[in-house]
Amino acid sequence: MSAARIFLAGLDDYQIELERKIRQTTEIPIRIGKLEAGMRGFNPEVILREINVDADDLQSKPDIRLREIRLGIDFLDLLLTQDWRSSSRVTLVGAKVSIIRNHAGEFLIKGLHASDEQPVWLLQGGKYEILDSEISWQDLKRHGDTVSFDHFDLVLKNHYKDRSHEIHMASNLPQQYGHSIRVSALITGNIFEGKDISGQLYFEGTDLQASALIKGDLPFGLHLQSGAGDIRLWSQWRNSSPYQIDGYVQAQQINISKDQTPPLRMDTFRANFSWSDNDGRWRLAGYDVDIFTHKQHWPDGAFYLQQDAQGNLSAIVKQLDLPAAMFLAPLIVPVQHVYADWLKLNPSGRLSDVSLFVSNDLLNYAARGRFDGLSVDSFGSIPQIHNLSGEISATDSYGQIIFNTHEARANVSELFRNAIDITRLQGSVHWWQTEDAWQFYSRNLAADSADFKTSSDLNLLIPKSNASPILNMRTTFGGFNDVSQAFKYLPAKIMNEGAVAWLDDAFIAGQVRQGEMVIMGELDQFPFAEGQGRFETVFTLENGELQFNEDWPHLYDLYADVQFLGNDLQVAILQGRSEKVQIDQALVTIPELADSE
């Protein structure tokens with residue numbers, strides 16, 4: 001320690017020698033105006049002031065300008081390593097430095113070497129600091145403009161034992177780019193060549209301005225026109241590429257588009273995410289995803305995606321608001337994509353606890369999950385449906401849906417003239433496929449409308465050929481307190497117009513406590529007038545009012561058994577009246593109801 005103090009006391013005599021040593025070690029053409037000596041704790045320190053760095057071109061300003069350089073030795077580190085260079089400490093104060101990324105992706109510091117090669121000696125010393133400085137940066141590989149940073153602080157610490165490099169950097173940004181950035185890293189490899197880099201890196205940006213920072217298109221054809229926000233990234237690197245990134249992003253006033261589609265606007269977007277890629281197997285997870293746009297708020301989104309080395313895709317969706325998915329869909333599915341038409345379903349509602357597997361050839365899949373308030377618009381053969389809830393599990397060969405639905409609505413325009421309100425839909429539907437057909441099966445499927453309750457057993461076979469579907473269904477119904485509403489439930493679009501007209505006017509009033517309907521046969525032969533199958537509906541009408549013909553008197557206070565069998569109608573009256581006539585018993589038969597007068 002005493003020797004160090006004696007050395008420092010006579011340091012003025014070594015100014016010229018010090019300049020020569022710095023030029024020899026770093027090839028920096030430096031000129032020192034003034035030297036000062038002191039101690040930092042127990043370690044000696046030399047302070048260089050009035051510093052000039054000669055430019056390559058004597059007619060130009062130097063690439064590096066310095067207000068102050070501090071040189072020191074860490075004695076404890078020197079005792080442990082016996083290496084003067086790794087124990088050294090260099091601090092630049094008030095520097096002005098130009099950093100360039102060339103077309104090969106290599107990093108250069110202008111002025112540190114006459115030939116602009118990488119200053120490898122920076123990776124061999126102990127600790128280097130750049131404080132309260134100005135840095136200019138230009139990325140030639142991406143054809144970027146020169147960007148200047150003020151109040152720039154950088155610490156580079158080289159660890160002797162494991163040959164690693166510790167980097168900490170903080171800087172304000174030019175106003176058009178945002179507020180500030182901060183970087184911390186612990187890595188191995190040559191950071192100037194960008195080769196064989198491994199280690200950990202943290203990046204933080206505050207109030208970053210997308211329109212100024214991002215030039216050109218993003219991956220996947222995305223284009224970010226505007227937006228501002230904060231980002232934090234924790235990453236792991238291997239072979240100069242990241243293999244794991246965890247992060248948080250918060251942004252506002254975002255305008256983003258894909259290819260030629262109109263831009264999407266988000267008022268705010270927040271999310272945590274995690275991505276990794278190991279040996280061709282990548283994973284992506286998002287959680288606490290929060291989107292606010294057009295006075296709509298979709299909070300608490302969460303998902304997990306994985307693709308293995310063979311290209312098989314797996315996904316878990318903890319929670320997904322379908323309107324949010326539809327809002328973002330144009331960024332994923334372009335307008336000209338083969339599946340783009342399915343977006344016309346415009347689904348709404350929420351998916352929860354969804355898991356999915358799809359093989360790389362798309363031939364095998366498996367999925368399960370829960371849906372709440374599911375609604376879709378009509379598209380193709382799919383009817384308009386509102387507010388379905390339940391659970392689904394399915395594979396490419398088998399599946400089931402368990403309904404637990406209240407206050408839903410279905411608009412099957414190919415069958416009914418009006419939408420059907422469903423107050424309760426409860427039960428399960430199973431399906432599976434064989435080589436020739438799809439089979440659907442259900443028992444005790446409860447479907448209650450606003451006017452009556454039903455319970456059904458069904459077995460439906462849908463051939464993969466052009467053959468007609470075959471239905472075997474038995475439905476019991478009851479609690480029908482106003483049969484005048486029966487017209488709403490007639491499949492009028494596939495019935496004979498004459499039969500529909502008669503049924504619309506026939507049942508004026510009455511109640512049905514219990515009834516049953518049976519359909520058996522190929523549906524293209526319905527209502528099986530030639531006996532190709534069976535269509536039968538039977539029920540008991542109480543307190544009924546019936547109009548057989550508009551020219552006949554109405555029948556009142558009816559208690560009757562009604563049977564529809566194919567196209568025929570039979571009414572067995574047990575009591576009733578017509579004007580002043582009391583009816584104790586009568587049988588009315590109308591064959592070929594559709595053609596009857």
Side-chain angles (χ1 to χ4, degrees), residues 183-189 196-205 214 217-222 224 229-251 254 256 258 266 269-291 298-322 324-334 337 339 350-371 392-396:
V183 176
S184 292
L186 180 61
I187 58 176
T188 59
D196 300 322
I197 299 296
S198 298
Q200 308 168 37
L201 184 145
Y202 170 78
F203 173 85
E204 178 180 317
I214 300 176
D217 288 342
L218 297 169
F220 309 111
L222 297 177
L224 187 60
D230 306 331
I231 188 170
R232 296 195 293 268
L233 301 174
W234 294 263
S235 60
Q236 302 281 344
W237 291 66
R238 182 170 53 227
N239 299 326
S240 300
S241 296
Y243 65 91
Q244 181 174 333
I245 301 175
D246 299 291
Y248 167 80
V249 61
Q250 176 279 131
I254 305 163
I256 186 170
K258 180 179 177 68
M266 285 179 273
F269 175 86
R270 289 193 299 269
N272 291 282
F273 65 90
S274 179
W275 170 88
S276 65
D277 188 348
N278 287 295
D279 300 324
R281 178 179 180 177
W282 63 259
R283 299 177 179 179
L284 175 64
Y287 53 96
D288 297 331
V289 180
D290 189 289
I291 300 174
W298 302 306
D300 304 323
F303 66 89
Y304 171 89
L305 301 174
Q306 173 182 294
Q307 188 177 61
D308 63 22
Q310 290 72 43
N312 301 313
L313 181 66
S314 301
I316 295 176
V317 179
K318 190 65 178 176
Q319 180 171 293
L320 176 64
D321 287 296
L322 288 174
M326 284 299 298
F327 176 76
L328 298 174
L331 302 179
I332 303 171
V333 183
H337 195 276
Y339 295 124
R350 174 174 289 181
L351 302 180
S352 307
D353 300 323
V354 175
S355 55
L356 173 70
F357 169 83
V358 181
S359 64
N360 57 2
D361 57 8
L362 304 181
L363 297 179
N364 302 108
Y365 62 85
R368 64 177 302 170
R370 190 172 72 248
F371 52 93
I392 184 172
S393 58
T395 69
D396 49 279

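Residue indices begin at 1 and follow the sequence shown.
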By side-chain hydrogen bond (donor to acceptor under 3.5 Å, both in side chains) - contacts of S352 (at least two apart):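 Expected list: none.
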
Contacts of type side-chain hydrogen bond (donor to acceptor under 3.5 Å, both in side chains), residue S276, not counting sequence neighbours: none

D361, CG atom: more than 12 neighbouring heavy atoms under 6.0 Å: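 Above 12, so yes.
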
Minimum heavy-atom distance R238-N278, with the two atoms named: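 Nearest pair, atom of R238 first, then N278: NH2-OD1, 3.1 Å.
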
Residues D308 and Q306: side-chain donor-acceptor under 3.5 angstrom: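 Short answer, no.
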
S274 and D246 side chains, donor-acceptor separation under 3.5 Å: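 Result is yes, a qualifying pair exists.
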
ring-ring contact (aromatic ring centres under 6.0 Å, His included) partners for Y248, two or more places apart: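 With sequence neighbours excluded, Y248 shows a ring-ring contact (aromatic ring centres under 6.0 Å, His included) to no residue whatsoever.
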
ring-ring contact (aromatic ring centres under 6.0 Å, His included) involving W275 - partner list, sequence neighbours excluded: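 Checked W275 against ring-ring contact (aromatic ring centres under 6.0 Å, His included); zero matches.
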
Residue from R368, Q319, R370 passing side-chain hydrogen bond (donor to acceptor under 3.5 Å, both in side chains) with D353: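 Of the listed options, the one satisfying the test is R370.
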
Under the salt bridge (charged side-chain N to carboxylate O under 4.0 Å, His left out) test, residues paired with R270 that sit two or more places apart: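 R270 satisfies salt bridge (charged side-chain N to carboxylate O under 4.0 Å, His left out) with D290 once adjacent residues are dropped.
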
Residues that D230 engages under salt bridge (charged side-chain N to carboxylate O under 4.0 Å, His left out), provided they are two or more places apart: none

Within-4.5 Å side-chain heavy-atom neighbours: L233 and F273: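 Yes; the side chains approach each other to less than 4.5 Å.
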
Approximate separation, where rounding is to 0.5 Å, of L356 CG and Y304 OH: 13.0 Å

Interatomic spacing from CG in N364 to CZ in F357 - rounded to 0.5 Å: 7.0 Å

